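Predicted, not measured: the structure shown is a model, and the values here were computed from it. Note: hydrogens, waters and symmetry copies are ignored here, and every other heavy atom, side chains too, is used. Convention: sequence-line order gives letters A, B, ...; per-chain numbering from 1.
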Amino acid sequence: MKKYNLPLSTSDIQSLHAGDYVLLSGKIHTARDAAHKLLVKSLESNEVLPFDLSETTIYYVGATPPKPGQVIGACGPTSSYRMDPFVEPLMNSGLKVMIGKGERSDEAKAAILRHNGLYLIVTGGIGALVSQRVHSSKIVLYPELGTEAIHELEVVDFPAIVAYDIFGNDLYTQQ
Amino acid sequence: MNITREDVIREVKKIVVDAACNLDPEMVRFLQLAKSKETAPLAKTILSEIIQNQEIARNQGIPMCQDTGVSVFFVELGNQVRLDFDLVEAINEATRLGYKEGFLRKSIVAHPIDRVNTKDNTPAVIHIKLVMGDTLHITFAPKGAGSENLSRMKMMTPAEGIEDVIAFVKETILLAGGKACPPLIVGIGIGGNFELAPLIAKEAIFRPLTDEATHPINRELEVRLMKEINELPVGAMGLGGVTTCLAVKVNSYPCHIASFPVAVNLQCHAARHKEITLGGNKHEEI
Ligand code: SF4
């Protein structure tokens with residue numbers, strides 16, 4: 001098990017291989033279906049985002065609402081394939097690392113490889129466990145989307161597995 | 001037997017909140033058993049995470065999964081029960097209150113095209129069956145989209161047989177891969193018609209985990225599929241190993257001479273459901 005600080009540096013990305021189990025600490029941004037649609041629109045109209053895509057990691061999630069006193073509710077990953085059409089435009093704007101769950105389309109996989117990016121996965125359905133690794137959460141973009149708004153999370157020892165590495169390995173087809 | 005709207009709302013609200021955080025102990029036992037049999041290291045780690053997750057959920061009252069689903073209800077209404085209110089409205093009200101007070105995620109949009117969130121997880125999907133007796137039995141199951149989206153239905157032809165059903169089920173599991181959050185419970189409905197096959201497949205998911213089909217053909221399908229699905233290259237979260245499914249349940253219904261509907265409803269490892277019985281002489285929670 002390897003520990004890394006976020007954002008992952010180029011040499012971190014080069015050191016990781018499909019199947020590596022990692023614990024990540026630092027800032028990530030959440031986005032799922034609706035936020036991705038808006039993000040691509042914002043990028044097309046050259047709007048300035050409140051965060052730099054090349055300096056962050058996108059996590060596909062829509063959490064349950066926190067109870068009073070909690071930082072966040074259950075926040076496991078959502079299926080990544082629904083975000084596949086947005087991979088190319090976001091990576092063109094600097095995004096390198098995405099976290100979600102499940103296999104992706106050949107097009108998305110090829111785009112990630114071409115941009116020397118990384119696709120990490122979290123075990124699906126472990127939202128309570130992941131919530132314990134989130135130390136702060138705030139909405140930074142599209143608040144009108146509610147649970148789907150882009151949140152900035154501060155995570156500590158966030159558990160992830162490398163699914164696609166920069167060498168073209170795919171954990172789903174490897175076994 | 002008189003049951004009031006308040007009884008229904010109070011008791012249904014309880015199981016709505018409870019189901020999200022407290023996984024059925026039998027399901028936990030099946031997960032632990034699967035972990036002890038698993039040989040692939042990554043799959044073992046994943047099963048540990050899943051088991052640890054439900055413990056945290058139970059102890060801290062956090063939903064085990066953020067997808068707290070479509071609210072599905074199976075209702076069995078006894079013929080001697082008297083209701084002087086709208087049962088569907090009461091169940092929806094309980095859903096609304098449960099999702100709010102339980103801090104569950106509201107995941108329902110009012111129309112599939114313009115997709116505006118109803119903000120309270122209603123309307124629920126409610127199936128009502130009339131039965132004999134003086135009780136009202138309600139099963140609640142929050143059904144996440146991950147596994148639901150990868151479920152499939154096919155109108156096969158009568159010329160096809162058991163091998164074709166097995167092939168269709170296995171193809172469905174392979175296509176779902178890691179996206180349906182395996183280990184799965186696989187509910188299969190064969191026969192009936194276009195709408196009934198998926199319904200009995202869904203009912204199959206909520207049969208007790210140790211329950212065995214009484215019809216010999218259904219039982220043969222359960223036994224063979226349990227073995228053959230776990231030989232597929234899927235495994236826990238699609239990352240290999242021998243734990244693709246924890247249980248296979250097959251329900252059947254007579255069908256037309258020209259028909260052979262088959263439905264496969266996938267249930268992820270967050271197999272949440274709770275039941276309650278109202279009326280009779282007591283209010284009993286299972
Ligand atoms: S498929 Fe099940 S475990 Fe996976 S995210 Fe959806 S509800 Fe949760």
Side-chain angles (χ1 to χ4, degrees), chain A residues 1 18-21 30 32-34 37 59-82 100-105 121-134 144-148 159-163 170-175, chain B residues 20-21 40-43 45-68 99-107 115 117 119 144-147 149-150 175-182 233-241 268-272:
Chain A
M1 195 173 306
D20 287 347
Y21 191 102
T30 72
R32 49 176 292 150
D33 311 61
K37 264 193 192 167
Y59 178 36
Y60 305 143
V61 63
T64 59
K67 288 186 179 168
Q70 286 177 344
V71 171
I72 194 168
C75 54
T78 193
S79 290
S80 305
Y81 71 93
R82 298 192 317 272
K101 76 169 168 92
E103 300 86 338
R104 315 201 64 158
S105 65
I121 53 174
V122 180
T123 297
I126 60 163
L129 188 153
V130 176
S131 77
Q132 310 288 291
R133 314 288 172 92
V134 178
E144 66 279 12
L145 297 181
T147 180
E148 293 207 52
I161 304 164
V162 179
D170 171 354
L171 187 58
Y172 288 104
T173 56
Q174 230 173 41
Q175 353 110 24
Chain B
C21 307
L42 189 53
T45 305
I46 289 168
L47 290 166
S48 297
E49 285 181 333
I50 291 171
I51 293 167
Q52 209 192 330
N53 179 67
Q54 63 80 33
E55 279 164 15
I56 295 171
R58 190 185 311 274
N59 295 338
Q60 312 220 8
I62 302 172
M64 69 190 90
C65 180
Q66 71 290 336
D67 188 351
T68 47
Y99 274 70
K100 183 162 173 261
E101 293 171 21
F103 295 87
L104 309 183
R105 199 180 78 189
K106 291 83 182 167
S107 313
R115 309 195 73 82
N117 199 302
K119 297 211 165 81
S147 50
N149 282 349
L150 295 148
L175 285 170
K179 296 191 280 279
C181 289
V234 178
M237 295 315 295
L239 299 175
C268 57
H269 65 79
R272 299 154 286 186

Checking heavy atoms, do the side chain of [X], its backbone, both or neither come under 4.5 Å from chain A?
X        : value
B:Asn149 : side chain
B:Thr45  : side chain
B:Ala57  : both
B:Lys119 : neither
B:Leu42  : side chain
B:Ala176 : backbone

Is it the side chain or the backbone of [X] that comes within 4.5 Å of chain B heavy atoms, both, or neither?
X        : result
A:Lys101 : side chain
A:Pro66  : backbone
A:Thr123 : both

Salt bridge (charged side-chain N to carboxylate O under 4.0 Å, His left out) against B:Glu55, all qualifying residues, sequence neighbours excluded:
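Not a single residue meets the salt bridge (charged side-chain N to carboxylate O under 4.0 Å, His left out) criterion with B:Glu55.
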Tell me, please, which residues at least two apart from A:Tyr60 pass ring-ring contact (aromatic ring centres under 6.0 Å, His included).
A:His36
So which residue, A:Gly124, A:Ala34, A:Pro159, A:Gly102, ends up with the most heavy-atom pairs under 4.5 Å with chain B?
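Highest number of heavy-atom pairs under 4.5 Å: A:Gly124.
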Verify side chain to side chain donor-acceptor pair (under 3.5 Å) between A:Gln132 and B:Gln60, making sure each step is shown before the conclusion.
CA-CA 10 Å; A:Gln132 310 288 291; B:Gln60 312 220 8; 3.2 Å; yes
